[in-house]
Amino acid sequence: MRFKKLELLRSGTFTDCSIHFEQQKPDFHLVFGPNEAGKSTSLRAVLGLLFGIDSRSTDNFIHANQDLRVGA
């Protein structure tokens with residue numbers, strides 16, 4: 001699956017945020033940043049997008065589990 005933008009609509013501490021992936025060759029993206037920047041939350045959002053968000057997700061910091069949303 002290839003997507004240009006990961007939308008963190010309601011996930012973890014994110015609300016209406018997005019991560020843009022440039023479509024250049026070779027197609028490899030490295031995500032890095034300081035501790036507590038949201039790297040793991042973003043990874044769980046990708047997994048939620050591909051496999052569904054677990055009803056017992058721990059990403060309910062701001063939004064209730066039934067309100068968690070990601071898009072691409």
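- Remark: S40 pairs with no residue by the side chain to side chain donor-acceptor pair (under 3.5 Å) rule, at least two apart or across chains.
- Counting heavy-atom neighbours within 6.0 Å of F51 CZ, excluding the residue itself, gives a total of 12 or less.
- Counted within 6.0 Å of CD on Q66, heavy atoms from surrounding residues, nucleotides or ligands total more than 12; the atom is thus considered enclosed.
- L68 and L47 end up in the same hydrophobic cluster when Ile, Leu, Val, Met, Phe, Trp and Tyr side chains are linked at under 4.5 Å.
- K39 places a side-chain N or O within donor-acceptor distance of the main-chain N or O of G33, the cut-off being under 3.5 Å.
- Here OG of S11 is found 12.0 Å from CG of D16. Values are rounded to the nearest 0.5 Å.
- Between H63 and T15, the shortest heavy-atom distance links the atoms NE2-OG1, 2.8 Å.
- The two residues V70 and G48 make their nearest non-hydrogen contact at CG2-C, 4.3 Å.
- No side-chain donor-acceptor contact under 3.5 Å links N60 to the backbone of N65.
- Taken together through direct or relayed side-chain contacts under 4.5 Å among Ile, Leu, Val, Met, Phe, Trp and Tyr, I19 and V46 form part of one hydrophobic cluster.
- Judged as a salt bridge (Lys or Arg N to Asp or Glu O under 4.0 Å), and not counting sequence neighbours, D67 has no contacts.
- What you find for L49 and A72 is that their closest heavy atoms are CD2-CB, 3.5 Å.
- F14 and L50 fall within a single hydrophobic cluster, where Ile, Leu, Val, Met, Phe, Trp and Tyr are joined by side-chain heavy atoms under 4.5 Å apart, directly or via other members.
- Closest approach of L8 and S42 over heavy atoms only: CD1-OG, 4.0 Å.
- Side-chain contact between F21 and K4 is absent, with no heavy atoms from C-beta onward closer than 4.5 Å.
- Every side chain to side chain donor-acceptor pair (under 3.5 Å) that R44 has, sequence neighbours left out, goes to T41, D59.
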